A.B. asks: 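Pasting in a structure now, in structure tokens, and then I'll have a few things to ask.
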Amino acid sequence: MSGVVEKKVNLKGKDLLTLADFSKEEILYLLDFALELKQQQKRGEKHLLLEGKTLGMIFAKSSTRTRISFEAGMNQLGGKAMFLNQSDMQMGRGESIADTAKVLARYLDAIMIRTFEHEIVEELAEHADIPIINGLTDDFHPCQALADLLTIYEEKGTFAGKKLVYVGDGNNVAHSLMIAASKVGLDCAIATPKNYEPSAKVIEMVEQFTKESGSQLLLTNDPIEAVKDADVIYTDVWTSMGWESENEQRLKDFAAFQVNQELVKHAKSDYSFLHCLPAHRGEEVTADIIDGPNSVVFDEAENRLHAQKAVLASLL
Ligand code: CP
Ligand code: NVA
């Protein structure tokens, strides 16, 4: 991607709550920077851009990739990361978000938070004068979408004229992918069962971004229509964290939305398969697809590390 972004982008001090707050140039800059950091890491070159800096990581939900890639990323950048289980903090006993934000900002250089309501992250950002990074809320997962764009770029070499298809729940991952794609000019189709569509607010926002970037957005309840000529097929779990009580109903409602050999026949033969992970083989995707030759899910998981290092080094 080098050369795409001519002008120097300055993201110092900015929050990453959703990619909606980032311009196309800023997103391309982060991807370009991530590729550079990835190469440096592979060559074994030190890149201690955050020596002496501390990232606090607040978790109210489980995590493997987000927690470990942020912590490893801070180490590789010469800084430190601190895992903070929300239920062990006074926040878990009712201390206000505003007071927590003001106190943590006196100790830390940035906060990454994974929680439920997106409004919690917004409130934290309002009261903390250090960068706040959204590590997943019920509505958005921007760090995942950045890694996904990086993976798509590595696989396809461009965004223009390529089609990303998301099949499944219109959830946090779908929202962030739609925003990311519409910002960088990647065509996007989203196929969900009825009543599981992306939020109206996100659709309205993304329709505006597509006008600016010239990309296409298709929303449908028909997975075959969506997958037609796909360059990338993406899915996520049918039951996200926090929705476990609906699991039984969801298994029925999503049954026709499994990514399997029948469905991928409608995509381009060189389609790439992406999944944010964790995956449920036999539910949203069959094992032969996620473990098959078109799957790049582990490259995608690796790219969480590189994309987030670019975010950290840019914001801090
Ligand atoms: N994709 C992702 O965010 O994974 P974790 O829940 O393991 O962090
Ligand atoms: N949509 C999933 C993503 C997990 C990384 C969830 O919110 O549980």
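Bear in mind that the values here come from a model prediction, so they are computed numbers and not experimental data. Every number for a ligand or one of its atoms is a count from 1 in the order of the listing.
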A.B. asks: Answer with side chain, backbone, both or neither: which part of Asp169 has a heavy atom less than 4.0 angstrom from an atom of ligand 2?
C.D. replies: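 It is neither; nothing of Asp169 touches ligand 2.
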A.B. asks: Does a donor on one side chain and an acceptor on the other come within less than 3.5 Å for Asp299 and Thr151?
C.D. replies: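 Their side chains do not contain a donor-acceptor pair, so the 3.5 Å distance test is not met.
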A.B. asks: Would you mind writing out the side-chain donor-acceptor pairs for residues 100-110 within the sub-3.5 Å range, not counting sequence neighbours?
C.D. replies:
| from | atom 1 | to | atom 2 | distance (Å) |
| --- | --- | --- | --- | --- |
| Thr100 | OG1 | Ser96 | O | 2.8 |
| Asp109 | OD2 | Thr54 | N | 2.8 |

A.B. asks: Please work out, at 4.0 Å between heavy atoms, whether the side chain, the backbone, both, or neither of Asn172 comes within that distance of ligand 2.
C.D. replies: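 Near ligand 2, Asn172 shows its side chain, while the N, CA, C and O stay back.
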A.B. asks: Which protein residues have a heavy atom closer than 4.0 Å to any atom of ligand 1, listed by chain and number?
C.D. replies: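 Residues near ligand 1: Ser63, Thr64, Arg65, Thr66, Arg114, His141, Gln144, Cys276, Leu277, Arg304.
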A.B. asks: List for me each residue that meets ring pair (Phe, Tyr, Trp, His ring centres under 6.0 Å) alongside Phe59, sequence neighbours excluded, and say none if there are none.
C.D. replies: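 Checked Phe59 against ring pair (Phe, Tyr, Trp, His ring centres under 6.0 Å); matches are Phe83.
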A.B. asks: For the ring pair His118 and Phe140, is the centre-to-centre distance below 6.0 Å?
C.D. replies: yes
A.B. asks: Check each atom of ligand 2 against the heavy atoms of Leu277 and keep those under 4.0 Å away; list them by number with element.
C.D. replies: 5 (C)
A.B. asks: If you count the atoms of ligand 2 from 1 in the order shown, which ones are under 4.0 Å from a heavy atom of Asp236?
C.D. replies: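 Counting from 1, the qualifying ligand atoms are 1 (N), 2 (C), 3 (C).
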A.B. asks: Do Glu284 and His275 have a side chain donor and acceptor closer than 3.5 Å?
C.D. replies: yes
A.B. asks: If the condition is salt bridge (charged side-chain N to carboxylate O under 4.0 Å, His left out), which residues does Asp138 pass it with, not counting sequence neighbours?
C.D. replies: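 Scan of Asp138 (salt bridge (charged side-chain N to carboxylate O under 4.0 Å, His left out), adjacent residues dropped) gives Lys61.
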A.B. asks: Within the 4.0 Å heavy-atom shell around Leu136, which atoms of ligand 2 are there?
C.D. replies: 3 (C), 4 (C), 5 (C), 7 (O)
A.B. asks: Can the positive tip of Lys14 be found less than 6.0 Å from the middle of the six-membered ring of Phe22, inside 45° of the ring normal?
C.D. replies: yes
A.B. asks: Any luck finding a side-chain donor-acceptor pair between Asp148 and Tyr166 under 3.5 Å?
C.D. replies: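 Asp148 vs Tyr166: no donor-acceptor pair found between side chains.
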A.B. asks: For the pair Phe257 and Phe254, name the ring-plane relationship: parallel under 30°, tilted 30 to 60°, perpendicular over 60°.
C.D. replies: perpendicular
A.B. asks: Among protein heavy atoms, which sits nearest to atom 8 (O) of ligand 2, and what does the distance come to when rounded to 0.1 Å?
C.D. replies: Met241 N, 2.8 Å
A.B. asks: N/O of His141 under 3.5 Å from N/O of ligand 2, yes or no?
C.D. replies: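 No; the residue has no nitrogen or oxygen that sits under 3.5 Å from a nitrogen or oxygen of the ligand.
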